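Heads up, the thing below is written out as structure tokens.
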Number of protein chains: 2
Amino acid sequence: MVQIPKTPAVASRAPRSAPTSTDVARLAGVSRATVSYVLNNTGAVRISEPTRRRVHEAARELGYVPHAAARSLRAGHSRMVLMPAPAIPAGPLYSRFFSELQKALGHLDYTVVQYGSVGLRGDEAARAWAELRPVAVLVPGADLGPQGVAVLKRSGARAVVTLGPESVEGAHALLMDHRTVGHCAGRHLYERGRRRIGVVVPEEAGLEAFAGPRLDGVRRAVRGTEATVTELPLAYDERAAAALAARWRSLRLDAVFAYNDEYAMLLMRALQDEGIGIPQETAVIGADDLMLGRLLRPRLSTVRIRLPSGPQLAELVDRAVRDPAAAPVRRRVLDATPVHREST
Amino acid sequence: MVQIPKTPAVASRAPRSAPTSTDVARLAGVSRATVSYVLNNTGAVRISEPTRRRVHEAARELGYVPHAAARSLRAGHSRMVLMPAPAIPAGPLYSRFFSELQKALGHLDYTVVQYGSVGLRGDEAARAWAELRPVAVLVPGADLGPQGVAVLKRSGARAVVTLGPESVEGAHALLMDHRTVGHCAGRHLYERGRRRIGVVVPEEAGLEAFAGPRLDGVRRAVRGTEATVTELPLAYDERAAAALAARWRSLRLDAVFAYNDEYAMLLMRALQDEGIGIPQETAVIGADDLMLGRLLRPRLSTVRIRLPSGPQLAELVDRAVRDPAAAPVRRRVLDATPVHREST
DNA sequence: TTGAAAGCGTTACCAC
DNA sequence: GTGGTAACGCTTTCAA
């Protein structure tokens, strides 16, 4: 029998485990320290050119990839920015916003990671995030309490930023108050002479966080006037829309804010099928300014929403990370403007 | 001068760094090993009830959160499933698919993480992912070559699954061949007597990966017949659509496959504004079966796309992880069926 | 210019 | 039952 000596590094075509810097060092005939110096381009230490080449060569040959966990364990910190992945599929507005933010943070050399927090809620989720020891955490929505913020900070997060309706003790807050959207729509309708305003409230789960404030915003917009606001629960579904349209005239409404452009299209179609004149008999306004709305006939009036730009927000995060002791930022960032087209 | 001894654990209300299991052990008056046993509920070792309580108490008081990096470094593996975050905002179909998958993997006790790979491409991206030592990697699109797969596997990934048009050497492949979608649309139009078929090709960046195959699919569907296929570049923009509609009659087409329902709506609107009868003069079909299409008049025919269910795919990943030596799976998973409504 | 060694937070093996 | 100790892969200080 011939014994084949198995040098770990060259054992076989399918090595049992990942090559380490030790393997690289061995192959290059240098110490682990030297490998680290070369691969990280450490400025303080000069390594001879031939050595550098040998190290690089060896690393390439072995397919060496540094171990992020070991590195950040040693360093005591990472550059990971964590955000929970949205539980419900996000709309185009939000998706674009996240994409941009991700890119901008990437340019600042952060690694952005979306964490799929399945069933976790509240402090449980915060603990799960904290296990990864992110340098910053961005949390949309209201999934995080003061306790959660404390947990994250204690475990090394230098910045916790919430994107939501309310600010949370200890965290930076980008206030995205959807009441503004409703307020904008409500005022637009009121100014155009409408007095009996319906507000669509989606029945789909996960939308309450937006729907409630938008409704509330409309109420505020007409508070102290003679105008009335009627809540209209609606499922995103043709039958439900038809049913609502069928009893529309009995509701005696002269306008409706349809939550967003998609619900607006759904409802508008149903109202038109019912022979209700838009905007003469009922004015319809949506929100989000999707391309969709421009294509409808009549063209759909809407509320345009502007979220903070990626680079702007990225810089805020970066500043917060660099100076964790600074006072928490508290900034309104949801900008809403009415876009008047033909449906109102 | 009175020297205040700073026990790290109780130093101040704002500890400089995260509490470790050492801190918990010290506070509970036990060893680190015992802490580990208690907090991980290690079955093999029996710990007295009072000790357990003391440990839990201490952990709670300090707000102790285990350090994932240290844990997985020690364990030599993690349960992280990594997927690159989509560079362009994904549509509702894809978003829903990912949500479901994430949930299903979560139930199998995997941690799903979307990695924001900004400008990284190909093997560079693969290396960045490999640094995290994920147990499995799911890659949509064609961003990964055989080299990349090799890197990932060498660094410990037990399963690499691609979701895309082609299978990659060494990886499991869920083949999502969008030619099927085009083929489905093309055949539908042909069967309904259409012979001069236009195919919208979006000009937006990032869509080529889908648009090309969909176009190709239409070509295949009518290969060997007298039918012709005309490529129609189109930006997602009212003006572009109007311009295309203006020269529509000169194109002498009797049908168009509009890439998806959104482009279909855009084009259909422009054609209608031009006085072109749908479906009499030109049949229009979209894809993705969005709610949108049902609301248009005429109701939009479409191609319904079914992706694999979350639990199904999660189980595939799990199996692959448990048996990395098994032969790579290679399965077609994109199911397309025509939905005939009024526009064709 | 290079190497030896310590230590980051965990867990698992083996004594006590 | 409980506690010491080694080891995971990496970086960095110090010494040669």
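Both backbone and side-chain heavy atoms feed into the values below; hydrogens, waters and symmetry mates do not. Quick note on labels: first sequence line is chain A, next is B, and so on, each numbered from 1. Because the structure is a prediction, the values reported are computed rather than measured.
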Interface polar pairs with nucleotides 13-16 of chain D, N/O, under 3.5 angstrom:
unit_1 : atom_1 : unit_2  : atom_2 : d
D:dT13 : O4     : A:Tyr37 : OH     : 3.0

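Looking at residues 63-77 of chain B, you'll see B:Tyr64, B:Val65, B:Pro66, B:His67, B:Ala70, B:Arg71, B:Arg74 sit with a heavy atom under 4.0 Å from some atom of DNA chain C.
Atom CD of B:Glu49 is surrounded by more than 12 heavy atoms from other residues, nucleotides or ligands within 6.0 Å. Other residues, nucleotides and ligands place no more than 12 heavy atoms under 6.0 Å from the CD atom of A:Gln147. For B:Arg79, the CZ atom sits in a packed shell: over 12 heavy atoms of surrounding residues, nucleotides or ligands are nearer than 6.0 Å.
For A:Ser167 and A:Arg330, the side-chain atoms include at least one donor-acceptor pair closer than 3.5 Å.
Residues B:Val81 and B:Val137 fail the side-chain proximity criterion, which asks for heavy atoms closer than 4.5 Å.
Side-chain N/O atoms of B:Thr20 include none lying less than 4.0 angstrom from OP1 or OP2 on C:dC8. An OP1 or OP2 oxygen of C:dT2 is reached within less than 4.0 angstrom by no side-chain nitrogen or oxygen of A:Ser31.
Atom P of nucleotide D:dG3 and atom CZ of B:Arg26 are separated by 15 Å, given to the nearest angstrom. At whole-Å resolution of the value, CD in B:Glu49 and P in D:dT2 are 11 Å apart. Between A:Arg53 atom CZ and C:dT1 atom P the separation is 17 Å, expressed in whole Å.
When the nucleotides C:dG3, C:dT11, D:dG3 are ranked by their closest atom to the side chain of B:Arg32, C:dT11 comes out on top.
The residue B:Thr51 sits close only to the backbone: its heavy atoms come under 4.0 Å of sugar-phosphate atoms, none of a base. The residue A:Ser36 sits close to a base: some heavy atom pair falls under 4.0 Å.
Along DNA chain D, the nucleotide nearest B:Ser48 and the nucleotide nearest B:Arg133 are compared for position; the residue whose nucleotide lies closer to the 5' end is B:Ser48.
What you find for A:Pro84 and A:Leu138 is that their closest heavy atoms are CD-O, 3.2 Å. For the residue pair B:Arg322 and B:Arg158, the shortest heavy atom distance occurs at O-NH2, 3.8 Å.
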Task: salt bridge (Lys or Arg N to Asp or Glu O under 4.0 Å) between A:Arg127 and A:Glu124, worked out - done: CA-CA 5 Å; A:Arg127 214 153 12 234; A:Glu124 250 191 291; over 6 Å; no
TODO: Under the side chain to side chain contact (heavy atoms under 4.5 Å, CB included) rule, what do B:Met176 and B:Val333 come out as? Steps first, then yes or no, please.
DONE: CA-CA 6 Å; B:Met176 312 207 322; B:Val333 295; 3.7 Å; yes
